[in-house]
Amino acid sequence: MHDGKVKSHQHEDPAKACNTQTTEERLVSPGVTVPRLAAIRIAEDTPTDQLLLSVVHALQAEGRSVAGFIQCKGRKDASGHAEMMLQDIVSGRRICISQPLGRGSRGCRLHPGAVAGIAGPFIEAIETEPDLLVLNRFGKGESEGQGFRSVLEKAYLLGIPVLTSVKPAYLDAWQEFAGNCSTLLPPSRETLLDWSRTVVGSSPANSGDMQHSTGVHSATRFV
């Protein structure tokens, strides 16, 4: 049973680990300088969940294994607000992560205990080492060492590429967490697919010529 927090001091932050590596060790493969951690830099009102879902579907259609969670809306709760849900990319299962605060309330509806209840078991689940891990946000919880922070750290240690998103309020915390091991990407489907395809391998499983179809070559840099 979780206490509402997922502790992250078992592992080093990627930024610290990255500083101890040579450039060659940080590359996904020889000659490919693509950081394994990427965050979509978004404004407060930028919708990203459908964008992430579109990228996930495209990669899955190419035979890539993608794991993680994407946020979606559920039914309206007692306060009249739509429930905040996380959808498991692999199983499709939806889990409510919000709490009703009453009508007219402007407080944060995110239930930290619910997120911890998901993140804890998921740390073990990524031992299967999917091609890509997608998490909907690096937000307040992660910036404070909670939320999916430990999942991000575990993925980095296992060498699993991670795609997430970050808002301006938590950009400094992301940079402190990920450092030179990360890159910031625009909310562009084409750019996200280019980064994803490059970081997970040289070609889609069902395509004979990814470089021709996407324009991504081994010298591509995402910085």
Side-chain angles (χ1 to χ4, degrees), residues 1-8 10-11 37-40 42 44-60 64-103 105-156 158 160-167 169-170 173-174 177 192 196:
M1 185 167 180
H2 298 282
D3 61 1
K5 297 182 179 180
V6 177
K7 304 301 183 182
S8 66
Q10 296 177 345
H11 312 300
L37 305 178
I40 309 169
I42 58 174
E44 289 295 332
D45 58 349
T46 302
T48 57
D49 300 310
Q50 288 302 312
L51 174 61
L52 286 170
L53 192 59
S54 175
V55 170
V56 168
H57 286 165
L59 294 172
Q60 288 175 328
R64 302 298 186 186
S65 61
V66 185
F69 295 90
I70 292 178
Q71 188 170 317
C72 56
K73 293 182 179 180
R75 62 187 179 183
K76 289 188 176 181
D77 59 25
S79 67
H81 295 101
E83 293 175 324
M84 298 164 58
M85 313 286 289
L86 282 184
Q87 181 172 326
D88 187 316
I89 290 172
V90 175
S91 69
R93 186 169 69 106
R94 294 188 174 190
I95 309 160
C96 182
I97 58 169
S98 60
Q99 53 189 341
L101 298 180
R103 291 186 179 274
S105 173
R106 295 182 177 274
C108 179
R109 298 191 300 122
L110 179 65
H111 193 312
V115 177
I118 299 170
F122 191 63
I123 291 176
E124 297 181 5
I126 62 173
E127 293 281 358
T128 58
E129 299 189 21
D131 293 326
L132 179 68
L133 176 65
V134 174
L135 297 174
N136 66 305
R137 301 283 189 279
F138 181 94
K140 185 176 185 294
E142 289 73 26
S143 68
E144 295 175 348
Q146 303 171 24
F148 283 110
R149 179 77 167 243
S150 290
V151 174
L152 290 164
E153 293 171 349
K154 182 65 175 291
Y156 178 80
L158 291 174
I160 302 170
V162 177
L163 177 62
T164 187
S165 66
V166 62
K167 294 182 178 181
Y170 305 110
W174 167 260
F177 168 73
L192 299 181
S196 300

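Scope of the values below: all heavy atoms of this structure, side chains included, with no hydrogens, waters or symmetry mates.
At most 12 heavy atoms of other shown residues, nucleotides or ligands fall within 6.0 angstrom of atom CD in Q50.
Here CG of L152 is found 4.5 Å from CZ of F177. Values are rounded to the nearest 0.5 Å. With values rounded to the nearest 0.5 angstrom, L53 atom CG is found 4.5 Å from I70 atom CD1. The CD1 atom of I89 sits 10.0 Å away from the CG atom of L59 when rounded to the nearest 0.5 Å. Taken from CG in L192 to CG in L52, the straight-line distance is 7.0 Å, to the nearest 0.5 Å. Taken from CZ in R93 to CD in Q87, the straight-line distance is 11.0 Å, to the nearest 0.5 Å. Put simply, OG on S196 and CG on L132 are 5.0 Å apart, with the number rounded to the nearest 0.5 Å.
In this structure the side chain of D88 never reaches within 4.5 angstrom of the side chain of I95, judged on heavy atoms. In this structure, L86 and F148 have side chains that are in contact, with non-hydrogen atoms separated by less than 4.5 Å. Using a 4.5 Å cut-off on side-chain heavy atoms (C-beta onward), R137 and K167 make contact.
Here the side chain of E142 pairs no donor or acceptor atom with the backbone of G147 at under 3.5 angstrom. Distance alone, capped at 3.5 Å, places no donor-acceptor pair between the D131 side chain and the V66 backbone. Here the side chain of S165 pairs a donor or acceptor atom with the backbone of N136 at under 3.5 angstrom.
Checked for salt-bridge contact, E127 and K154 meet the test: a charged N lies under 4.0 Å from a carboxylate O.
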Could you check L133 against F122 for side-chain contact (heavy atoms from CB on, under 4.5 Å), going step by step and ending with a plain yes or no? CA-CA 11 Å; L133 176 65; F122 191 63; 3.5 Å; yes

